[in-house]
Amino acid sequence: MASALQIHGVQGNIAVSRSLHHSKPQIGFAAFGAPVCGTRVWGNRVAFSVTCKASASDVIEKRVAENGNLSSEGETSFTCVMKFGGSSVASAERMKEVATLILSFPEERPIVVLSAMGKTTNKLLLAGEKAVSCGVTNVSSIEELGFIKDLHLRTVDQLGVDRSVIAKHLEELEQLLKGIAMMKELTKRTQDYLVSFGECMSTRIFAAYLNEKGVKARQYDAFEIGFITTDDFTNADILEATYPAVAKRLHGDWLSDPAIAIVTGFLGKARKSCAVTTLGRGGSDLTATAIGKALGLPEIQVWKDVDGVLTCDPNIYPKAEPVPYLTFDEAAELAYFGAQVLHPQSMRPARESDIPVRVKNSYNPKAPGTLITKARDMSKAVLTSIVLKRNVTMLDIVSTRMLGQYGFLAKVFSIFEELGISVDVVATSEVSVSLTLDPSKLWSRELIQQELDHVIEELEKIAVVNLLQNRSIISLIGNVQRSSLILEKAFRVLRTLGVTVQMISQGASKVNISLVVNDSEAEQCVRALHSAFFESELSELEIDYKKGNGSVAGVS
Ligand SMILES: Nc1ncnc2c1ncn2[C@@H]1O[C@H](COP(=O)(O)OP(=O)(O)O)[C@@H](O)[C@H]1O
Ligand SMILES: N[C@@H](CC(=O)OP(=O)(O)O)C(=O)O
């Protein structure tokens, strides 16, 4: 990222920006006549921002009139990746606002990653399910298909884009659903192909809109530009070969013909079968960080519908507050333990290449958002965020002492390995182990009863097994160096609520303490913990702590 200090100042009607990335000052947005509404401070960057009162077309037209296109002479390649999720591009209006937003950063030459419009992915999945049993002749009247057609056609019309940009995709989508109806089967492979239509259409519409307005943009399907993945349909992993391939393609295209790149999020191409894959729900975040790593970009921006990563899920507790700074480890832990805001694997490429990730709100661009970096000042940090993962299965496994302790744990874990089920939280004693099962890397998948029965059958060969379902993991993400303080406070809250913690684990990663409670009690616990840690005045507990260490200024 810009280790640079960027200051955009206004001179008359011209905004001038100087960044250490560029050898010369650049003409900023005020030159395009968009009104300046205030300053924006992002870590070590300071910039004026553009009010959204100027329409997208105003900003775009003026900008193109000045520059011919978005790039200036002497510019080498892309400067950042900007990912916009489904809620950010849910309608024509939203797409216009996103265009305005992108163009309000004239110093950036972005690669834009888009998700499918609004809830399109969910609708495609539902349409696929219905097609399995509705019969070929009824496919055309599947409600979700109608919804998707209406939404996309209305959007192209409202943006003034030719319907031909998505006509073929809509036709093909209907044919695919008919094929599913005929086969009476929806495999994971077909499911991935089916949902890929969402991102393929949103990116085509958005690129066409920019081009229509005279801003040169080029659409890319990720599976055509080198996103190579495993063949794990619905939850594929990006393979290393992706990085050089994607860099070569995007960088090469920029050099020969500069244009904003508009790339489909979420999608890849299976290494063995060459079929379209998806990276797990919410996978566009991962697409963005992978592109950041591939091109060694200074910054990855992830634009959402909330003011950054929050202190807890706002759907559970609306008083959740934005967290200004996070480390990659904290963000990864938070995502892995269920915070929907980031894809569980998305921090990996950013961490590997040490590229800062900013989580911002496309509905409220002035909000500072969350900056995620390798390290941050932890001297005052206690608790950062509370995450809830519901509907977790817990197993209590007590050895029948047929095996020694080492043999016992090894055998238990080899059973999970064989069955391809990963374990989230573990607590052991000499003769027993309690653990929670991660249904898969994809947090929305349910463990099916058949799989569970099989696990238990295998474990019962060496142990007595107690199956506990409908549990929740509450993860306290923060400074585990302060675990005594966190635990004392957390347990005081839980005792007041009369909640029994059924398992506790302090992650070796030192950023997470996990508590397992009943599903039915979990939300109430999160709300009470949030009030205690983030909303109360400095308590007796922290004052005592402060006396001892001289460092804690509060719990948040
Ligand atoms: N800790 C959290 N911080 C922020 N948002 C959260 C958190 N936990 C859950 N969410 C939910 O995640 C949503 C944003 O993630 P997502 O829907 O995947 O965004 P997008 O589709 O824009 O990529 C928010 O609207 C919010 O409801
Ligand atoms: N459209 C995909 C991929 C994605 O990343 O979406 P979003 O950015 O809206 O979470 C999904 O719904 O899972």
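Side chains are part of it too, since the values below use all heavy atoms of this structure and drop only hydrogens, waters and symmetry mates. Atoms within each ligand, like the ligands themselves, are counted from 1 in listed order. Along the sequence shown, residues are numbered consecutively beginning with 1.
The stretch residues 339-349 participates, sequence neighbours left out, in no salt bridge (Lys or Arg N to Asp or Glu O under 4.0 Å) pair at all.
There is a side-chain donor-acceptor pair under 3.5 Å between Thr229 and Thr277.
Cation-pi geometry between Lys269 and Phe227 is not met: the NZ or CZ atom fails to fall both under 6.0 Å from the ring centre and inside 45° of the normal.
His343 and Gly282 get closest at one heavy-atom pair: CB-O, 3.3 Å. When all heavy atoms of Ile355 and Gly292 are compared, the closest pair comes out as CD1-O, 3.1 Å.
Ligand 1 is surrounded by Lys83, Gly85, Gly86, Ser87, Lys304, Asp305, Val306, Gly308, Val309, Leu310, Cys312, Asp313, Pro314, Asn315, Gln340, Val341, each with at least one heavy atom closer than 4.0 Å. Protein residues lining ligand 2, listed by chain and number: Lys83, Gly85, Gly86, Ser115, Ala116, Thr121, Glu199, Phe266, Arg281, Gly282, Gly283, Ser284 [non-hydrogen atoms, distance under 4.0 Å].
Val195 pairs in a side chain to side chain contact (heavy atoms under 4.5 Å, CB included) with only one of the listed residues (Thr190, Thr121, Thr120), which is Thr121. Remark: of the listed residues Lys123, Lys119, Lys130, Lys130 is the sole one forming a side-chain hydrogen bond (donor to acceptor under 3.5 Å, both in side chains) with Glu144.
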Which atom pairs, donor and acceptor, lie under 3.5 Å between side-chain atoms of residues 165-175 and protein residues at least two apart or in another chain?
residue: Glu172; atom: OE2; partner: Tyr193; partner atom: OH; Å: 2.6
residue: Glu174; atom: OE1; partner: Lys149; partner atom: NZ; Å: 2.6
residue: Glu174; atom: OE2; partner: Ser140; partner atom: OG; Å: 2.8

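Side-chain N or O atoms of Asp377 include one that pairs as donor or acceptor with a backbone N or O of Ser379 at under 3.5 Å.
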